[in-house]
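What follows is a short report on a single structure.
Quick caveat: nothing in here was measured; it's all calculated off a predicted structure. Hydrogens, waters and symmetry mates are skipped; everything else that's a heavy atom, side chains included, is used.
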Amino acid sequence: MISIASAMQQEPIKELLEGYNEDGISFTFKEKQGIKLIFETTADDKDAAAKKAKELIKAEPWGSVLFFQAAAV
């Protein structure tokens, strides 16, 4: 699992990650814990999945200015 901690843009983050399915990595939203969004991932390497999620968010027009954290849990 990975967590994305962000106070803003939570719905777009969920839509972005749930719509991604490439390189053997996909994300499924599980729950919200405060400002954290928890996702299951199909990736074997959870750190790589968190890194990929961060790259995807930063590639969005709103993601380049968004303060957030992506981490494996």
**Report entry** Glu55 and Lys52: CA distance, side-chain angles, deciding distance, salt bridge (Lys or Arg N to Asp or Glu O under 4.0 Å) verdict
**Finding:** CA-CA 5 Å; Glu55 289 174 6; Lys52 186 60 171 179; 3.7 Å; yes
To the closest 0.5 Å, what do you measure between [atom1] ([X]) and [atom2] ([Y])?
X	Y	atom1	atom2	answer
Met1	Lys30	CE	NZ	9.0 Å
Gln69	Ser6	CD	OG	10.0 Å
Thr28	Glu18	OG1	CD	6.5 Å
Lys46	Glu40	NZ	CD	7.5 Å

Can you name the closest pair of heavy atoms from [X] and [Y] and give their distance?
X	Y	value
Pro61	Ser64	O-OG, 3.4 Å
Ala72	Ala50	N-CB, 3.9 Å
Ala49	Thr41	CB-OG1, 3.7 Å

Query raised in the report: Would a distance-only check, ignoring hydrogens and angles, find a side-chain to backbone donor-acceptor pair under 3.5 Å from Thr42 to Ser26?
Result: yes
**Report entry** Residue Lys14 excluded, over 12 heavy atoms near NZ under 6.0 Å
**Finding:** yes
Requested in this report: Output the rest of the hydrophobic cluster of Trp62: all Ile, Leu, Val, Met, Phe, Trp and Tyr residues reachable through side-chain heavy-atom contacts under 4.5 Å, sorted by chain and number.
Outcome: Ile2, Ile4, Met8, Ile13, Leu16, Leu17, Tyr20, Ile25, Phe27, Phe29, Leu37, Phe39, Leu56, Ile57, Leu66, Phe68
